[in-house]
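Notes follow once the structure below has been shown.
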2 protein chains.
Amino acid sequence: MAGSTTIKDVAQHAGVSVATVSRLLNGKGKGRVSTEVAAKVHAAVEALGYRPSAAGRSLKTRQTRNIGILIPSLSNPVFAEIFAGVNDHARREGYTLLATVSEYDRELELDGIQTFLNHQVDAAILTVTNPSQCEGLALLKAAKVPSVLVFNQENDATRDAMPLVTVDNEQVGRDVAKKLIALGHKSMAMIAGHFSASDRSRARRMGFERALTEAGLPNPRVCEVDFVSAEVASALDSLNVGSATGPTALFCSNDLLAIAVMKELRRRSVRVPGDVSVIGVDGIAIGSLMSPTLASITQPSREMGEKAAALVLSQLKGEACAATQLLAHDYQEGESVGPAATKSPPSSSDPLQPKA
Amino acid sequence: MAGSTTIKDVAQHAGVSVATVSRLLNGKGKGRVSTEVAAKVHAAVEALGYRPSAAGRSLKTRQTRNIGILIPSLSNPVFAEIFAGVNDHARREGYTLLATVSEYDRELELDGIQTFLNHQVDAAILTVTNPSQCEGLALLKAAKVPSVLVFNQENDATRDAMPLVTVDNEQVGRDVAKKLIALGHKSMAMIAGHFSASDRSRARRMGFERALTEAGLPNPRVCEVDFVSAEVASALDSLNVGSATGPTALFCSNDLLAIAVMKELRRRSVRVPGDVSVIGVDGIAIGSLMSPTLASITQPSREMGEKAAALVLSQLKGEACAATQLLAHDYQEGESVGPAATKSPPSSSDPLQPKA
DNA sequence: GGGGCGAAGGTAAACGTTTACCTCTAGGGT
DNA sequence: ACCCTAGAGGTAAACGTTTACCTTCGCCCC
């Protein structure tokens with residue numbers, strides 16, 4: 001806090017009542033103030049460096065003009081962009097962001113939400129690890145705080161609707177499959193962060209698997225990693241990547257992971273996409289600076305942030321709004337995917353695909 | 001806001017006075033409450049789902065337990081880490097973050113600081129484009145809000161001290177120079193974002209140039225870019241990179257830029273480090289996933305965030321604290337630097353360095 | 001047995017706003 | 001000449017806390 005000059009000081013200095021000052025400053029009331037008085041008040045405000053106290057105001061108006069935003073991590077550029085989008089929209093509407101990052105930790109998620117509640121945020125924008133088992137969400141609903149989930153793919157029907165802004169992650173998985181199938185891949189694998197920490201990964205996996213099944217292909221091998229490079233290595237081992245029996249294409253649940261995978265492949269002298277194709281999800285900018293450039297499914301992250309902010313704000317104004325907004329994703333070309341390798345002569349050690 | 005049950009409701013429900021509730025909940029007052037009353041109150045709190053109003057509390061205590069944090073951008077992982085560090089420390093101390101990103105825009109910087117002031121943050125943590133001409137800083141000082149600059153290298157002596165948490169950016173520049181000189185480089189260039197937007201870039205440049213001068217080498221060519229890849233290309237053109245008259249080493253003012261530069265070099269078939277060495281600053285994680293891995297000067301970003309938070313908090317408690325904390329940086333090995341290329345036969349078109 | 005003391009808890013006055021309601025003045029319509 | 005209205009501005013009551021200051025009571029010590 002600071003050299004608090006209050007509205008009372010201003011009123012005194014300008015020789016008017018506090019009500020007048022308040023009315024003028026918020027442009028309220030039919031009975032407006034005369035221009036002379038206005039001038040005096042403004043002069044006083046200027047002279048005293050008056051700044052209305054948010055606390056006093058909030059107490060009376062019962063709104064804080066704060067929006068809580070909870071994201072798992074800022075290391076992933078996707079979340080950084082979401083944040084930028086939210087920030088931008090919120091600022092324009094005169095709202096401020098109470099931000100916290102959860103590091104994918106359920107404990108911290110709850111803690112963050114509690115904090116939002118304690119601070120009486122007017123609205124909340126969240127990405128949680130698992131909407132269907134996040135107690136915090138219930139708290140927000142109980143407190144009737146307009147909230148929206150970003151990126152999450154809530155599929156728990158028992159819970160009454162909390163709006164979502166996301167892409168169709170199952171379709172993302174399908175699109176990846178479609179792309180790889182079109183290039184002749186028949187043996188694929190998926191590498192993902194812990195599914196328990198990301199319902200979007202789960203949805204992507206589901207779409208991926210279904211598309212493969214529909215195409216008459218066997219289920220892909222799937223491997224979870226803890227996102228430390230050592231684990232990436234063992235994941236590649238367990239999938240037999242690079243060997244004749246290994247997959248010809250790797251679907252990574254996000255770009256950061258895909259980049260780590262490409263690094264490890266390079267270390268092993270597995271050529272991308274010569275031996276193995278790699279594709280990620282997110283469309284982060286740095287992907288196209290890699291060599292080979294990373295193919296990915298791009299999401300309009302920044303726009304998602306803006307949409308999310310717009311959504312909670314209109315909810316705040318009491319406007320009914322679409323429960324869920326599905327934004328379009330897109331395929332981002334990249335050198336990291338290519339036609340399936342014809343990896344072995346016909347008399348291969350892999351009897352399952354003699355015609356490949 | 002929400003189904004506001006107030007402290008009065010709790011008091012009533014528990015059959016005690018509000019003062020008792022308040023005292024119990026904050027563990028204040030020598031005259032403690034008896035265990036039976038405590039139990040009743042807690043039961044009431046539980047039953048009613050009571051949550052103290054931050055507004056009411058702030059109004060009375062004159063502190064918000066909010067810390068403002070202003071950073072230029074979250075796209076740079078360095079800032080994301082700072083944020084994580086601040087977030088972590090603040091949370092542990094029971095503070096919440098009011099966050100905003102300025103996109104390196106002076107207007108938005110000021111706007112953000114005003115917002116902090118309007119919300120009466122207890123403290124502020126900032127990275128600004130230019131400390132010596134940021135009006136916002138003066139406002140913070142005038143309002144006596146404990147503040148700290150992170151990453152900035154304030155060098156305006158006329159201004160009374162605002163504490164800094166940073167690395168010695170001039171030394172960073174020197175260390176880069178030293179490293180490159182040791183590898184035999186004699187012709188170097190620096191590529192940086194707009195210097196006007198980053199005093200740390202300016203300091204790095206200064207150190208770099210001074211070290212070269214002290215080593216008897218000519219001043220490096222320096223080129224500012226607007227951080228769009230098209231500009232990186234023209235920067236490389238203007239520096240003659242890849243030609244016999246061009247530099248054998250490029251010092252990039254941050255890793256993201258270095259990565260973009262490496263990308264463009266690759267496109268031009270300029271070998272790194274064979275033809276040109278590249279070194280960045282920041283030590284972002286993704287640098288070591290590139291090929292070649294990026295050499296860099298690492299900064300302890302997360303720690304800087306934690307230190308910054310600790311610093312403003314102790315300032316808040318009235319403890320005097322070191323005006324400036326210089327943290328150690330470190331050289332991060334990377335494949336992107338190597339010995340200076342002996343780029344042309346003795347009868348070169350470059351008469352300036354016949355002996356090289 | 002009385003004075004003193006400390007523990008337990010109540011009373012009420014802030015903190016800085018906003019806003020419903022009131023007062024006053026001037027002007028206009030009949 | 002009168003009433004009505006509208007504009008301009010003042011008065012004071014909230015909003016939900018915290019906390020200084022009381023009151024009460026039981027206990028101990030002389």
Side-chain angles (χ1 to χ4, degrees), chain A residues 1-42 44-45 48-66 117-122 143, chain B residues 1-42 44-45 48-66 117-122 143:
Chain A
M1 308 302 272
S4 28
T5 59
T6 78
I7 198 176
K8 220 169 290 183
D9 301 324
V10 174
Q12 204 161 346
H13 191 282
V16 299
S17 77
V18 294
T20 305
V21 176
S22 176
R23 269 191 292 257
L24 174 61
L25 261 32
N26 321 321
K28 276 291 193 57
K30 296 282 274 200
R32 301 274 306 287
V33 296
S34 69
T35 42
E36 319 125 63
V37 170
K40 276 197 298 184
V41 171
H42 280 131
V45 166
L48 271 44
Y50 170 66
R51 217 175 268 283
S53 147
R57 189 197 299 259
S58 300
L59 191 52
K60 187 66 197 170
T61 63
R62 334 209 64 196
Q63 54 162 317
T64 55
R65 297 196 84 76
N66 279 156
L117 256 11
N118 287 341
H119 282 264
Q120 271 94 227
V121 295
D122 291 343
Chain B
M1 310 301 270
S4 28
T5 58
T6 77
I7 197 176
K8 220 170 290 181
D9 301 324
V10 174
Q12 205 162 344
H13 191 282
V16 299
S17 77
V18 295
T20 305
V21 177
S22 176
R23 269 191 292 254
L24 174 61
L25 263 31
N26 324 320
K28 277 287 193 59
K30 296 281 274 198
R32 301 271 305 288
V33 295
S34 69
T35 42
E36 319 124 64
V37 169
K40 277 197 297 184
V41 172
H42 280 130
V45 166
L48 271 45
Y50 169 66
R51 217 174 268 283
S53 148
R57 187 196 300 256
S58 300
L59 190 53
K60 187 64 197 177
T61 62
R62 335 209 52 171
Q63 54 162 316
T64 56
R65 297 196 84 76
N66 279 154
L117 257 9
N118 288 340
H119 282 265
Q120 271 94 226
V121 295
D122 290 343

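The chains referred to below are lettered A, B, ... by the order of the sequence lines, with proteins before strands, and numbering in each begins at 1.
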Inset, instruction - Starting at atom CZ of B:R51, determine the distance to atom P of D:dT17, rounded to an integer number of angstrom. - result: 12 Å
Inset, instruction - Specify the separation, in whole Å, of atom CD of A:Q12 and atom P of D:dT11. - result: 12 Å
Legend entry - Smallest separation among heavy atoms of A:V10 and A:V45, with atom names: CG1-CG2, 3.9 Å
Legend entry - Length of the line joining A:L25:CG and C:dT19:C1', which is rounded to integer Å: 15 Å
Legend entry - Side chain proximity check, B:N26 to B:R57, heavy atoms < 4.5 angstrom: yes
Inset, instruction - Please state how far atom CG in A:L59 lies from atom P in C:dC15, giving the value in whole angstrom units. - result: 14 Å
Inset, instruction - Check whether any side-chain nitrogen or oxygen of B:S22 sits under 4.0 Å from OP1 or OP2 of D:dT18, and answer yes or no. - result: yes
Inset, instruction - Look at all strands and tell whether B:T6 reaches a base, only sugar-phosphate, or nothing, counting heavy atoms closer than 4.0 Å. - result: sugar-phosphate
Legend entry - Between C1' of D:dT17 and CD of A:Q120, the distance in whole Å: 11 Å
Legend entry - Check: B:V121 main-chain N/O paired with B:N66 side-chain donor or acceptor under 3.5 Å: no
Inset, instruction - Taking only the side-chain nitrogens and oxygens of B:T20, find out if one of them lies under 4.0 Å from OP1 or OP2 of C:dG10. - result: yes
Inset, instruction - Report yes if a side-chain nitrogen or oxygen of B:R62 is closer than 4.0 Å to either non-bridging phosphate oxygen (OP1 or OP2) of C:dG16; otherwise report no. - result: yes
Inset, instruction - Between D:dT18, D:dC15, C:dT11, spot the one nearest the side chain of B:N26, thanks. - result: D:dT18
Legend entry - Whole-Å gap separating C1' (D:dT18) and CZ (B:R65): 14 Å
Legend entry - Below 4.0 Å: OP1/OP2 of D:dT18 and any side-chain N or O of B:R57: yes
Legend entry - Rounded distance in Å - CD (B:Q63) to C1' (C:dC15): 13 Å
Legend entry - A:L24 side chain near A:V37 side chain, heavy-atom distance below 4.5 Å: no
Legend entry - Side-chain-base donor-acceptor pair under 3.5 Å for B:R23 and C:dG10: yes
Legend entry - Whole angstrom value for the distance that separates C1' of C:dG16 from CG of A:D9: 10 Å
Inset, instruction - Work out which heavy atom in A:Y50 is nearest to a heavy atom in A:L25; give both atom names and the distance. - result: CE2-CD2, 3.7 Å
Legend entry - B:G56 vs B:A19, nearer the 5' end of DNA chain D by closest nucleotide: B:G56
